[in-house]
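Side chains included, hydrogens not; waters and symmetry mates left out as well; all remaining heavy atoms used. Chain letters run A, B, ... following the sequence lines, proteins first, then strands; residues in each count from 1.
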Amino acid sequence: MNDFPPAYDPGATEEKWYKFWQDNGLFTPDPRSGKPTYTIMIPLPNVTGRLTLGHTLNNSIQDILIRYKKLNGFETLWMMGMDHAGIATQVVVEDKLRSEGTNKADLGREKFVAEVWKWKEQYAEVIRKQIRKMGFAVDWTREQFTLDERYSQQVIRVFAALYDKGLLYRGEYIINWCPRCGSALSDEQVETEEIPGKLYYIRYPVKDSNDLVTVATTRPETMIGDTAVCVNPGDNRYTHLKGKTIILPIMKREIPVIFDEYVDPEFGTGALKITPAHDAYDFILARKHGLELINIMNNDATMNENAGQYQGLNRDQVREKVLKELEEQGLLERTEKYRLPLAKCERCSTPIEPRISKQWFVRMKPLAEPALKAVAEGRIKLHPKRWVNLYNHWLENVRDWCISRQLWWGHRIPVYYCPICHDGSSETDQGMIVSERRPDSCPVCGNKQMRQDEDVLDTWFSSWLWPFVTLGWPDETEDYARFYPTQTLVTGWDIIYLWVARMIMAGIEFTGKIPFSDVVFHPMIRDEKGRKMSKSLGNSPEPIDLIEKFGADALRFGIQLITPREQDVLFSEKTVDVGRRFCNKLWNAARLIAINHADQEAGIPEKLTPYDAWILKETDQTIERVNDYYRGFELNNIARELYGYVWHQFCDWYLEFTKLAPTVQVPRFLLKQIIIMLHPFLPFITEDLYQRFSFGKKSIMLESWPGRIAVKDDTGSVIKYKELIEEIRVVRGIFRFAPKEELSVVIKTSDRFRIFIAGNLPVIKKLAGVGSVEFDRPVDGPCATIVLSEVECFVMLTGLDPNKEKQRLLNELSFLSGRIDEIRNRLVNPGYLEKASEVTKSGEQKRFDDFIDKKAKIERMMKRL
RNA sequence: GGGCGGUUAGCUCAGCUGGUCAGAGCGUCGGUCUCACAUACCGAAGGUCACUGGUUCAAGUCCAGUACCGCCCACCA
């Protein structure tokens with residue numbers, strides 16, 4: 001057994017088998033096979049960084065499903081690819097440049113983009129390595145990147161198509177502006193956090209009177225851009241302000257008082273200052289009431305020329321100065337503590353500035369309707385179901401999607417402006433062309449200096465096309481015909497809006513088909529104390545480190561084992577260690593079979609030993625349960641089920657039996673079934689064992705998933721035998737028999753079971769430490785009594801204290817009495833008799849009889865002590 | 001302000017359509033180096049299933065409310 005070491009060493013096998021699979025094209029499907037297809041699109045990782053444990057969880061679920069389906073005869077495709085991740089990537093590259101003492105402005109657009117490409121190449125390789133290490137069966141031959149040439153062309157095409165359909169528009173609106181990234185963000189790319197802040201009460205003088213109106217605001221600095229004060233028309237306190245003009249303090253600007261139901265009289269003073277260029281709702285009010293818009297900020301959130309003496313200062317500095325000045329003028333009435341939501345950039349956590357800006361938007365309502373229907377009609381199923389609520393809520397209230405980004409890294413917007421004909425306004429399309437290709441000249445004036453829009457598209461504007469562009473759409477390619485629509489999407493719920501809903505919309509809109517039929521949401525990973533994983537806390541382990549320490553299989557198995565269905569995962573290394581030990585257990589079980597059953601066939605013979613029949617029945621039940629769990633995507637329960645079956649049925653009992661009953665026939669057969677069932681979770685070790693045992697196919701990946709096993713033989717004797725052995729072990733423990741002391745037992749039982757025991761004496765002797773077995777002999781002297789149905793077993797207590805045995809029996813009796821009373825009450829209950837099913841009733845009755853039986857026997861045994 | 005999820009042994013979690021559902025793993029304690037595995041084996045202890053009502057012959061299991069924990073959405077400055 002030199003080549004079968006007693007401990008499993010993942011490091012020695014993993015790399016080899018991954019290469020083996022890849023070299024043999026096992027990850028690459030054949031579109032021309034007649035098999036049904038099963039496709040999963042990987043949620044494209046950002047090239048920005050390395051994969052986290054979250055990816056490990058996410059991807060291993062997909063790998064398990066892919067491998068399971070492949071074993072079940074499907075032509076499987078797991079599409080690999082990465083996302084250019086516009087802002088995220090640009091941010092990190094900018095940081096890198098800064099640390100090198102340069103910046104993107106110095107480089108210029110072209111050089112900067114080239115720099116990002118270099119970065120991308122480097123990090124894509126890190127991600128690929130991580131995926132290989134984990135054993136993921138992604139199809140490398142089809143790998144794609146959202147900025148690949150062909151992919152980019154389709155993104156641009158889609159932009160033009162949406163424009164032609166009237167689903168795109170450009171306009172000046174309040175958008176979320178990240179001053180740090182210098183770009184617009186979509187609503188979904190903003191995160192809000194509640195922070196302690198203050199509510200400032202500021203007095204605004206009324207023109208031509210001594211009146212003052214007090215407004216409440218959390219952002220006093222924006223008053224520089226105020227263009228009105230708004231009150232509720234039903235608010236009696238302010239009716240006298242009708243037609244009045246306010247003198248805006250500091251700026252000395254005259255602004256009107258407007259009336260709108262929007263204002264809540266209960267909040268603050270009931271008077272609201274309106275800053276249309278820097279607040280989303282103020283902007284809407286301004287449009288409604290025809291107010292002036294004053295933009296007071298630059299791109300980096302410093303004040304511009306409209307801010308007068310404050311020009312050049314940043315937001316915090318202005319706030320301080322404005323407050324100071326107001327105070328000096330006696331216009332700051334008071335301040336109070338207030339918790340307010342602060343909107344921050346998802347990527348760099350800089351506070352968002354709502355800002356007027358000219359951007360491109362997608363009209364979402366028309367896209368949302370069919371997407372809602374697809375889920376409502378069950379054509380797309382979400383797992384767990386409860387996510388449907390969230391999905392519906394977002395789509396029913398969907399707002400238009402701001403897709404332009406003021407970045408350089410991304411798909412440049414295919415819009416061209418004629419420097420002569422286009423007047424720069426957003427209201428007219430004069431001199432503006434939306435085109436997949438750069439137009440040679442302006443179709444109106446013939447000018448050849450057409451200028452392309454400087455902006456790029458939101459990353460998600462490319463990734464929402466992922467399921468079909470990767471397969472060749474819009475061309476009717478073989479891949480597209482065979483693998484689209486895909487089947488399962490596996491993702492975290494955090495991108496249900498950003499990605500899932502949008503893919504559904506895009507799929508239906510552009511291909512006319514739903515892009516996938518099941519969406520499996522998995523929880524988020526937290527550390528063992530329930531904290532979010534983050535770099536700063538240092539609680540985010542590197543998957544690669546864990547693989548090196550425990551093995552990839554161990555990591556995959558452990559993480560599935562602890563992933564709950566409804567709650568976040570609390571991760572700790574301990575769980576990976578459980579996986580590691582499980583692998584070692586499996587390894588050693590195989591090793592035992594290799595030693596003891598080297599020459600056996602890996603099939604089921606005609607005639608079974610009772611042990612074979614018993615374990616085959618257990619195996620069959622396990623297969624059934626595992627299949628059920630797969631149907632509901634309950635991978636945690638599959639891991640649990642297989643763990644329990646392999647360890648506690650197969651190893652603890654069956655393999656022990658095989659040592660004592662050498663006529664057993666199915667160890668090799670079972671080993672083969674077991675490693676096939678475990679293969680989706682533990683690809684490396686199972687392939688390694690498969691090859692060691694030469695089970696037939698070139699790779700375990702080409703095997704077939706175990707079918708159900710029909711077992712006709714009665715397995716009752718083995719089950720009873722196990723119980724008897726367990727009970728004797730308990731007696732050993734209670735009476736502190738020395739480990740090597742051999743017990744003498746006398747057994748009274750039915751003829752059948754007596755014959756069974758007599759024919760299998762080595763088993764009870766070894767597993768229960770029994771020296772002599774006698775049947776039906778009168779028992780004399782103190783003994784411990786074990787009562788099972790049809791069996792009485794007396795363990796001779798030579799030299800031991802019978803009082804302790806009495807105590808045990810008393811305990812047993814009191815337990816039984818409790819159970820008997822409980823069931824009796826039920827059985828005489830008229831409601832129960834009327835309503836319980838026959839199956840239930842007969843089961844209960846049988847249990848009742850068993851207990852009564854046991855009790856009577858124990859009572860008899862008590863007398864004997 | 002709406003909405004969702006969770007609350008079961010010390011810890012992390014299973015418990016589907018109400019009647020063997022009071023479970024597993026880890027941890028703890030006691031005992032074994034038994035020739036596949038001490039990365040193991042054998043055994044034990046530990047919970048009135050968050051709380052309060054209700055439905056039912058019968059409730060971790062269904063309903064309502066309460067309390068904590070977590071999350072999502074929302075234009076109250």
Salt bridge between A:Arg625 and A:Asp628, side-chain N to carboxylate O under 4.0 Å? no

Below 4.0 angstrom from OP1 or OP2 of B:C37, is there any side-chain N or O of A:Trp647? no

Would you indicate, yes or no, if B:C37 has its OP1 or OP2 atom less than 4.0 angstrom from a side-chain nitrogen or oxygen of A:Arg581? no

Counting only distance, no hydrogens or angles, is the base of B:A40 paired donor-acceptor with the side chain of A:Lys585 under 3.5 Å? no

Whether A:Arg386 contacts B:G5 is assessed here as follows: a side-chain N or O lying under 4.0 Å from the phosphate OP1 or OP2. Is that the case? no

Find the distance between CD1 (A:Ile352) and CD (A:Glu191) and round it off to the nearest 0.5 Å. 10.0 Å

Heavy atoms from C-beta onward define the side chain here; which of B:A14, B:C71, B:A36 lies closest to that of A:Trp493? B:C71

Side-chain donor/acceptor contact of A:Lys574 with base of B:C26 under 3.5 Å: no

Donor-acceptor list for residues 262-270 of chain A side chains, cut-off 3.5 Å, not counting sequence neighbours:
residue, atom, partner, partner atom, Å
A:Asp264, OD1, A:Glu266, N, 2.8
A:Thr269, OG1, A:Thr214, O, 2.4
A:Thr269, OG1, A:Ala271, N, 3.2

Is the phosphate of B:G25, meaning OP1 or OP2, less than 4.0 Å from a side-chain N or O of A:His648? yes

How does RNA chain B look in dot-bracket form if you count Watson-Crick and G-U pairs under 3.5 Å, write [ ] for pairs that cross, and put | where a base pairs with another strand? (((((((..((((.....[...)))).(((((.......))))).....(((((..]....))))))))))))....

Closer than 4.0 Å, any side-chain N/O of A:Arg287 to the OP1 or OP2 of B:C75? no

Closest of B:C4, B:C75, B:G31 to the A:Asn389 side chain is B:C4

